[in-house]
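Everything on this sheet refers to the single structure shown next.
Only this structure's heavy atoms are used, side chains among them; waters, hydrogens and symmetry mates stay out. Numbering of residues begins at 1 and proceeds along the displayed sequence. First listed ligand is number 1; within each ligand, the first listed atom is number 1.
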Amino acid sequence: MDNPVDSRALDLALDLARRGPLTENPQVGCVVLGPGGEVLGQGWHRGAGTAHAEVAALADAAARGHDLARTTGWSAVVTLEPCRHTGRTGPCTRALLDAGVARVVVGAPDPTPTAGGGAAELRAAGVDVVVLDDPRAHELVRPWARAHRHRRPAVTWKYAATLDGYSAATDGSSRWITGPVARADVHARRAQHDAVLVGTGTALADDPALTVRDASGAPLPQQPLRVVVGLRDLPAGARLLDGSAETVHLRTRDPREALAALWERGVRSVWLEGGPRLAAAFWRAGLVDDVVAHLAPALLGSGRSALGDLGATSIGDALRLQLTGAHVLGGDVVVLARPTDPTPGPVPDQTPSDQQQEA
Ligand SMILES: NC(=O)c1ccc[n+]([C@@H]2O[C@H](COP(=O)([O-])OP(=O)(O)OC[C@H]3O[C@@H](n4cnc5c(N)ncnc54)[C@H](OP(=O)(O)O)[C@@H]3O)[C@@H](O)[C@H]2O)c1
């Protein structure tokens, strides 16, 4: 990217987008710039039924005292091509044109054949449009696109492990492997997903609540669906049955069937918290899209390994992932990775824009 102002604004727009949930709609962020490249407004899509990122950023600019009737030289830097569909909130192209935005910088084009055209429409109206094709912007839409392409929720496998790869000690105890900062990160990421999923093994061994709680430990008002997969019953007193959030028990051992049932319920993103055997079944079925690994600088030397059997017997069988990020979280490290998408390409059904409009 040649233009450092565009580059900085896209970085910011990407950060804003990531604040949004991984639910029915893709994550989208937008930054409105003044003629000198100064940030006038910021916005991101906060989920189905809320304003699009472009509309939110323009509203933010107005709220900061900038006059939308005098927008000479304004630019909008948006992570995803603006929609041109009429829906509950109106097309984003119209909002940008009505505001007189002169230049629009797009991180990634809309991945659906039917939804494209927002950039062309803006160009036809005289707006200077730059499409960057930034890999990070493509990456942002990828979970949404993949879910809709395969008509199953996007799956993120999360685990916590010692440095030598154990997620529980030999006696089954696993609380706590990581420290409070990493655990707070888990709650923030859980909150972005429609559902949190574990196997009956974890449900029985740990009796987890799987709710999203704030720093003080209080549950947030909006909770993801709690999902248990497996044939065994849960005891009546299980915390998963305490009513603090909705729980479904899917009595199957087929991850594909479980995801199909969740898709039918409207679940578009799943936070898979294990345990090792269920996670391995998801991997064997090719149903994991992203990995969030919390690694503690601790050693156990024996115990339960973070992942069950994948059928690999030699190093050449290792499932090699693409590293997408790594950073320190308090006294621990988070590693982000994902398999390479074997079936990239257009999304055949609804568009991100449609999704936002119809929500
Ligand atoms: N550190 C971490 O991040 C972390 C996270 C989660 C769990 N853990 C630890 O992991 C341990 C539990 O391990 P786990 O492997 O028993 O837990 P799990 O993977 O949650 O549960 C395994 C059970 O899930 C059911 N299941 C459903 N579909 C399956 C499939 N396709 N393949 C295999 N099983 C399927 C089976 O039970 P049914 O017989 O009922 O069908 C199976 O016994 C605990 O000690 C817990 O603390 C650690």
Side-chain angles (χ1 to χ4, degrees), residues 152-153 155-190 193 195-212 224 226-236 238-241 247-262 270-288 290-312 329-337:
R152 61 148 180 89
V155 175
T156 301
W157 172 48
K158 170 267 162 183
Y159 69 95
T162 57
L163 214 50
D164 52 346
Y166 292 103
S167 65
T170 46
D171 67 356
S173 59
S174 63
R175 287 180 176 160
W176 297 104
I177 292 174
T178 51
V181 180
R183 297 207 300 276
D185 182 62
V186 170
H187 282 272
R189 292 178 190 271
R190 257 185 204 166
H193 290 74
V196 182
L197 191 152
V198 294
T200 47
T202 299
L204 293 169
D206 294 353
D207 190 22
L210 297 183
T211 47
V212 181
R226 303 184 292 189
V227 184
V228 185
V229 177
L231 304 182
R232 280 170 289 172
D233 289 331
L234 301 186
R239 291 164 81 191
L240 282 167
L241 303 177
T247 299
V248 290
H249 187 168
L250 300 174
R251 292 177 189 271
T252 176
R253 286 183 175 162
D254 179 350
R256 211 170 279 282
E257 186 184 323
L259 290 185
L262 293 174
V270 164
W271 178 248
L272 172 62
E273 289 213 22
R277 276 184 284 177
L278 187 63
F282 271 77
W283 276 108
R284 288 196 303 269
L287 294 172
V288 179
D290 281 284
V291 181
V292 176
H294 286 128
L295 303 178
L299 302 172
L300 272 169
S302 64
R304 289 207 72 135
S305 73
L307 187 61
D309 189 4
L310 292 184
L329 278 180
D332 304 303
V333 170
V334 62
V335 175
L336 310 174

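Regarding atom 7 (C) of ligand 1, its nearest protein heavy-atom neighbour is T202 OG1, 3.1 Å. The nearest protein atom to atom 18 (P) of ligand 1, hydrogens excluded, is given as G275 N, 3.2 Å; this is a heavy-atom distance. The closest protein non-hydrogen atom to atom 46 (C) of ligand 1 is D206 OD2, 3.3 Å. Residue, atom and distance of the protein heavy atom nearest to atom 16 (O) of ligand 1 are R277 NH2, 2.7 Å. For atom 43 (O) of ligand 1, the closest non-hydrogen atom of the protein is R232 NH2, 2.9 Å. For atom 2 (C) of ligand 1, the nearest protein heavy atom (residue, atom name, distance) is A160 O, 3.6 Å. Counting only heavy atoms of the protein, atom 19 (O) of ligand 1 lies nearest to L278 N, 2.7 Å. Counting only heavy atoms of the protein, atom 10 (O) of ligand 1 lies nearest to P276 CD, 3.3 Å.
Evaluated by nearest non-hydrogen atom to atom 24 (O) of ligand 1, the leading choice among T252, V228, T200 is T200. Comparing heavy-atom distances from atom 28 (N) of ligand 1 across H294, R304, E257, R253 singles out R253 as nearest.
Close N/O approach between I177 and ligand 1 is not found [any backbone or side-chain N/O within under 3.5 Å]. For ligand 1, the polar-atom distance check against A205 finds no nitrogen or oxygen pair separated by under 3.5 Å. Residue-to-ligand polar distances place G199 within reach of ligand 1: an N/O pair is separated by less than 3.5 Å.
Listed by number with element, the atoms of ligand 1 under 4.0 angstrom from any heavy atom of E273 are 5 (C), 6 (C). Heavy-atom proximity to Y159, at under 4.0 Å, picks out these atoms of ligand 1: 3 (O). Near A168, meaning under 4.0 Å from one of its heavy atoms, ligand 1 places the atoms 45 (O). Taking every heavy atom of A281 and a limit of under 4.0 angstrom, the matching atoms of ligand 1 come to 30 (C), 31 (N), 32 (N).
Applying side chain to side chain contact (heavy atoms under 4.5 Å, CB included) to H294 and the options V335, V334, I177 leaves one that passes, V334.
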Go through the steps for R232 and H249 under the test side-chain contact (heavy atoms from CB on, under 4.5 Å), then give the verdict. CA-CA 10 Å; R232 280 170 289 172; H249 187 168; over 6 Å; no

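Between the side chains of T252 and D254, no donor-acceptor pair is found at a separation under 3.5 Å.
Residues P276 and S167 approach most closely at CG-OG, 3.9 Å, considering heavy atoms.
Aromatic ring orientation, W271 versus H193: tilted (interplanar angle from 30° to 60°).
By the 4.0 Å N-to-carboxylate-O rule, D233 lies close enough to R251 to be salt-bridged with it.
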